[in-house]
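Labels below follow one simple rule: chain letters A, B, ... track the order of the sequence lines, proteins then strands, and each chain is numbered from 1.
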Amino acid sequence: MPELPEVETVRRGLTRLVVGRTIKSTEVRWDKTIGDMTPTVFNEELSGRQIIGVDRRGKYLLFRFSGGLTMVSHLRMEGAYYTVPAGTEPGKHDLVTFHLDQDIDLFYRDTRKFGRMNVVLNEQAMQVAGLAKIGPEPTEDDLTLAYMETEFGKSRMHVKPFLLDQSHIAGLGNIYVDETLWQSKIHPLTAANTLTTSELSELRSNIITELARATEHHGTTVHSFTTAFGEAGQFQNELQVYGRVGEPCLRCGTPLEKMKVAQRGTTYCPVCQIEK
DNA sequence: CAGTACGCCTGGTAGC
DNA sequence: TGCTACCAGGCGTACT
């Protein structure tokens, strides 16, 4: 499931492969992917526009088009972009085709059809649902300890669903939440407002470092995620808890356990991550 | 307002 | 083998 490192990897791939290209036309084979817009309007809006950049905010991709339009694209669970030679027949799960100049087609594939793309004016992009209330990027400059103390202090939510909520911190998903909670020795059911300053400081630095490291490795390959280059990320080899239920904790050797927290599978060490 | 349950989807797999 | 049941889960929406 693409989280921040995977989305950033896709952004870099797209920047290399399609920035500078002009859209000749589009085809949409699953209407829900483009929200309220009809395939006809989608095609009329985008045809003739040049792709002038691809930005990212949290897990959202922001395609910048000539003429002041932005396409906000969220990959959700399995969305993926890749380029093929013009004329390539789309497969069953290729939901959208962007026919580009220079005989390139950009395909959007999404097996489970959860991903969405919304075309809006540039100035409306940050009003798109999900972006309107998005929290700070998990970087040294944007995610300050002072912010975390204030934000976590306001909520009694369990820390796991708290971290998955993009309005608190942008970019974390199930994998990196499990990883960073384990690294920080914090139990997933700990109430957000009971974390001490030193625990928050540790968590903050683990989040920032982990996402940066995963990005360097081109993200984690689970299920169907591949980069826009068609290559697999390598960070799955670095994961310390996700997908390792029953295997020994890398710190204390206790078999890792799995439980449901807010309907999500959660792997943790029952000894290292002590419940308060 | 804060927090929670559900629906959206399909491929893979466990169990019979 | 072929069938059913269930699981994976990010996020928007509806609800408490």
Notebook entry, point to check: What is the distance, rounded to the nearest whole Å, between atom CZ of A/R112 and atom P of C/dG10?
Noted result: 10 Å
Check: Does a side-chain heavy-atom distance below 4.5 Å link A/V119 with A/T70?
Finding: no
Check: Over how many whole Å does the gap from A/E78 atom CD to B/dG11 atom C1' extend?
Finding: 8 Å
Notebook entry, point to check: Rounded to the nearest 0.5 Å, how far apart are CD of A/Q166 and CG of A/L4?
Noted result: 9.0 Å
Notebook entry, point to check: CG of A/L163 versus P of B/dG3: gap in Å, rounded?
Noted result: 13 Å
Next item on the list: Select one nucleotide: of B/dT4, C/dG10, C/dA8, the one nearest the side-chain heavy atoms of A/N174.
Entry: C/dG10
Next item on the list: Taking only the side-chain nitrogens and oxygens of A/K113, find out if one of them lies under 4.0 Å from OP1 or OP2 of B/dT10.
Entry: yes
Next item on the list: Whole angstrom is fine here: how far is it from CE in A/M117 over to P in C/dG10?
Entry: 19 Å
Item checked: Interatomic distance, A/E6 CD vs C/dG9 C1' [rounded to whole Å] -> 14 Å
Note to self: Whole angstroms only, please: what is the NZ-P distance between A/K260 and C/dG9?
What the structure shows: 7 Å
Checklist line | Residue A/H93, side-chain heavy atoms: nucleotide from B/dT10, C/dG9, C/dA8 that is nearest | finding: B/dT10
Notebook entry, point to check: Taking OP1 and OP2 of C/dA8, is either one under 4.0 Å from a side-chain nitrogen or oxygen of A/Y242?
Noted result: no
Next item on the list: Establish whether the base of B/dG3 is bridged to the side chain of A/R156 by a donor-acceptor pair shorter than 3.5 Å.
Entry: no
Margin query: As an exercise, state the distance from CG of A/L106 to CG of A/D94, rounded to the nearest 0.5 Å.
Written below: 10.5 Å
Next item on the list: Please determine, for the side chain of A/S155, which listed nucleotide (B/dG11, B/dC9, B/dG3) has the closest atom?
Entry: B/dG3
Checklist line | Protein-to-nucleotide contact annotation, 5' to 3' order, nucleotides 11-16 of chain C [B base; S sugar-phosphate only; - none; under 4.0 Å, heavy atom] | finding: BS----
Next item on the list: Answer yes or no: is there a side-chain heavy-atom contact under 4.5 Å between A/F162 and A/F152?
Entry: yes
Notebook entry, point to check: In terms of the nearest nucleotide of DNA chain B, which residue is placed more toward the 5' end: A/Q263 or A/K32?
Noted result: A/Q263
Next item on the list: May I have the distance from A/E151 (atom CD) to B/dG3 (atom P), rounded to whole angstrom?
Entry: 10 Å
Check: Under the salt bridge (Lys or Arg N to Asp or Glu O under 4.0 Å) test, which residues partner A/K59, sequence neighbours left out?
Finding: none
Margin query: Using a 4.0 Å heavy-atom cut-off, does A/K154 contact any base of the nucleic acid, only the sugar-phosphate backbone, or nothing at all?
Written below: nothing
Next item on the list: Pick base, sugar-phosphate or nothing for A/K92, based on heavy-atom distances below 4.0 Å to the nucleic acid.
Entry: sugar-phosphate
Note to self: Is it true that A/R29 and A/T97 share a donor-acceptor pair across their side chains at a distance under 3.5 Å?
What the structure shows: yes
Checklist line | Spacing of A/K160 atom NZ relative to B/dG3 atom C1', expressed in whole Å | finding: 18 Å
Margin query: Can you list everything that forms a side-chain hydrogen bond (donor to acceptor under 3.5 Å, both in side chains) with A/E238? Sequence neighbours excluded, please.
Written below: A/R213
